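Remarks on the structure that follows.
Note that the structure is a prediction, hence the values are computed from the model and not measured. Each ligand, and each atom within it, is numbered from 1 in the order the structure gives.
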Amino acid sequence: MSLPVPNVQELARTGNRPDQQIPDRYVRLEACTDEVISGHDINAAIPVIDLAKLLDLQSSQEECAKLGSACLHWGFFQLTNHGVPDDVISDVRRDLIEFFRLPLEAKEAYAKPPDKHEGYGQHFVVSEKQKLDWGDLLHLQLRPTESRDLSFWPAHPPSFSNSVERYSLETAKVTRCLLEFLAMDMGVDPESLLEIFRGQPQTMRVSYYPPCRQADKVLGLSPHCDAAGLTLLLQVNEVQGLQIRKDGKWLAVDALDGALVVNIGDMLEILSNGRYRSIEHRAVVHPEKERISAAVFHQVCRKATVGPLPDLVMKDGGRPVYKSMACEDFMKRFFSAKLDGRANVEGLRI
Ligand code: OGA
Ligand code: NI
């Protein structure tokens, strides 16, 4: 259940004159006071993992160690040579941009009902007093395919469904592959990890962040960790805005052109019994340009349990670091709170 809030794209369009103040509910002090490290600083850049190297027998072992280290120390990496064809990426980018260009009424045909997670609107608003994010979302369940509710899939542009379907299939393939390597890195049977992700449940959250004249006073997306196992994030247009929490500071991620930004979510931190880290991140907005990003989240299957893998608990001297919870309860819990840093995963720590 999320409370209804104004459409931010509309708010930005009608209320962004120099003499107008942005409504108080969007003003966040921490947006301008927290220290931010530029993503151009090479020493501070998130690791880059090359999927072609992972798949090449010659380099696989070395790259897999790099992958494991990225998940352990950073919880975030950029994936290059991921094999998603260029046209699949350019088509989905084009159609997502087109969707947000539709008039408000056309987009609202896909409005998110208050008691559902899918559709166009906002999430995670649980109180009238809560600060609001400077952005609108389109949230769709993509996989397993039988879980799709096509009434939320935009009919315009006409190629939307086909573009999203192809992107979904390709990102699911990449994710399956990454999960296999992560299993190897953790020393667990890849098949048993894939079994937990059976059917490869996948949702997509497309975020539209309108420009904001007072960009340094708002946040596009509140600090949070993703509930999923693995998230693949695509920069839909050229505007960057993702920041991750590193050693207490915010680090701006400068996504390489064509790369996917991958991060460990709460589910994988828990499954790994704390080996991998679900890192807090947020999105900032640009003063003059809109920004669009698309995250695909890969969850464990609905019937699975979110809990430390027994093999890893055994390796860790029989000590699970987190409570186990049925996937459905885990997701209900996540969607019933506001986004709040690491609160979701910390709350499950033993
Ligand atoms: C998300 C997310 C970041 C971004 O959707 O969970 O973290 O850059 N998005 O939009
Ligand atoms: Ni996120």
Side-chain angles (χ1 to χ4, degrees), residues 2 8-9 31 36 39 46 71 74-79 92-93 96-97 99-100 112 117-125 132-142 164 167-168 171 175 202-212 215 218-246 250-257 259-269 276-286 289-299 331 334-335 337-345:
S2 188
V8 185
Q9 190 173 0
V36 176
I46 63 171
C71 296
W74 287 83
F76 260 91
F77 57 90
Q78 302 210 44
L79 189 68
V92 78
R93 279 180 164 153
L96 295 177
I97 292 170
F99 171 73
F100 288 101
K112 185 183 92 63
H117 302 318
E118 283 188 88
Y120 174 64
Q122 272 107 359
H123 269 145
F124 308 114
V125 183
L132 299 178
D133 290 342
W134 192 264
D136 304 315
L137 309 169
L138 175 65
H139 197 221
L140 299 174
Q141 179 87 36
L142 306 184
V164 169
Y167 185 68
S168 161
T171 46
T175 299
Q202 183 192 54
T203 56
M204 178 168 74
R205 177 156 76 209
V206 191
S207 299
Y208 179 91
Y209 307 107
C212 180
V218 302
L219 285 177
L221 192 58
S222 298
H224 68 283
C225 293
D226 297 343
L230 267 188
T231 305
L232 271 51
L233 183 80
L234 176 70
Q235 305 285 323
V236 174
N237 67 357
E238 71 295 346
V239 183
Q240 310 262 353
L242 174 66
Q243 299 182 342
I244 69 169
R245 182 79 106 174
K246 178 77 174 148
W250 289 106
L251 167 67
V253 172
D254 199 11
L256 300 166
D257 192 25
L260 293 167
V261 176
V262 182
N263 67 287
I264 301 288
D266 294 347
M267 286 180 177
L268 210 49
E269 172 172 326
Y276 297 156
R277 303 281 293 160
S278 172
I279 298 292
E280 195 177 338
H281 53 285
R282 67 179 191 178
V284 297
V285 307
H286 193 279
K289 295 181 191 163
E290 64 184 10
R291 171 167 185 259
I292 307 177
S293 69
V296 281
F297 303 110
H298 300 86
Q299 291 99 356
M331 292 313 293
F334 179 71
F335 278 112
K338 65 171 188 167
L339 289 177
D340 184 15
R342 280 186 43 87
N344 182 52
V345 65

Heavy-atom proximity to atom 5 (O) of ligand 1, best of His123, Arg205, His139, Gln243 | Arg205
Looking only at heavy atoms of Arg282, does any of them come nearer than 4.0 Å to an atom of ligand 1?
-> no
May I ask you to decide if Thr231's main-chain N or O and Asp226's side chain share a donor-acceptor pair within less than 3.5 Å?
-> no
Answer yes or no: is there a donor N or O on one side and an acceptor on the other, between the side chain of Glu118 and the main chain of Gln141, under 3.5 Å?
-> yes
Can you list the ligand 1 atoms lying under 4.0 Å from a non-hydrogen atom of Ala295?
-> 5 (O)
For the atom pair CD1 (Ile292) and CZ (Phe100), what is the distance rounded to the nearest 0.5 Å?
-> 6.0 Å
For the residue pair Leu242 and Arg291, establish whether any side-chain heavy-atom pair is separated by less than 4.5 Å.
-> yes
May I ask you to identify, for Asp226, whether its side chain, its backbone, both or neither come under 4.0 Å of ligand 1 on a heavy-atom basis?
-> side chain
For His281, the ligand 1 atoms with a heavy-atom partner under 4.0 Å come out as 7 (O)
Contact atoms of ligand 1, heavy-atom distance to Tyr209 under 4.0 Å | 4 (C), 10 (O)
Main-chain N/O of Leu256 paired to Gln78 side chain as donor or acceptor, under 3.5 Å | yes
Would you find a donor on one side and an acceptor on the other, under 3.5 Å apart, between the side chain of Thr175 and the backbone of Thr171?
-> yes
Are the aromatic rings of His286 and Tyr209 close, with centres under 6.0 Å apart?
-> no
Just wondering, is there an N, O or S atom on His281 that's nearer than 2.8 Å to the Ni ion (ligand 2)?
-> yes
With distance as the sole test, does His123 use its side chain to make a donor-acceptor pair with the main-chain N or O of His117 at under 3.5 Å?
-> yes
Please report the closest heavy-atom contact between Ala255 and Gln235, naming both atoms and the distance.
-> CB-CG, 3.6 Å
Is the shortest distance from a heavy atom of Gln235 to ligand 1 less than 4.0 Å?
-> no
If you look at Asp226, which of its N/O/S atoms is nearest to the Ni ion (ligand 2)?
-> OD1
Nearest neighbour in protein (non-hydrogen) for atom 8 (O) of ligand 1 = Arg291 NH2, 2.8 Å
Of all the non-hydrogen atoms in the protein, which one sits nearest to atom 2 (C) of ligand 1, and at what distance?
-> Leu221 CD2, 3.4 Å
The Ni ion (ligand 2) - closest N/O/S atom in His224 | NE2
Could you check atom 3 (C) of ligand 1 against the protein and tell me its nearest heavy-atom contact, residue, atom and distance included?
-> Leu242 CD1, 3.8 Å
Can you find an N/O atom of Ser293 closer than 3.5 Å to an N/O atom of ligand 1?
-> yes
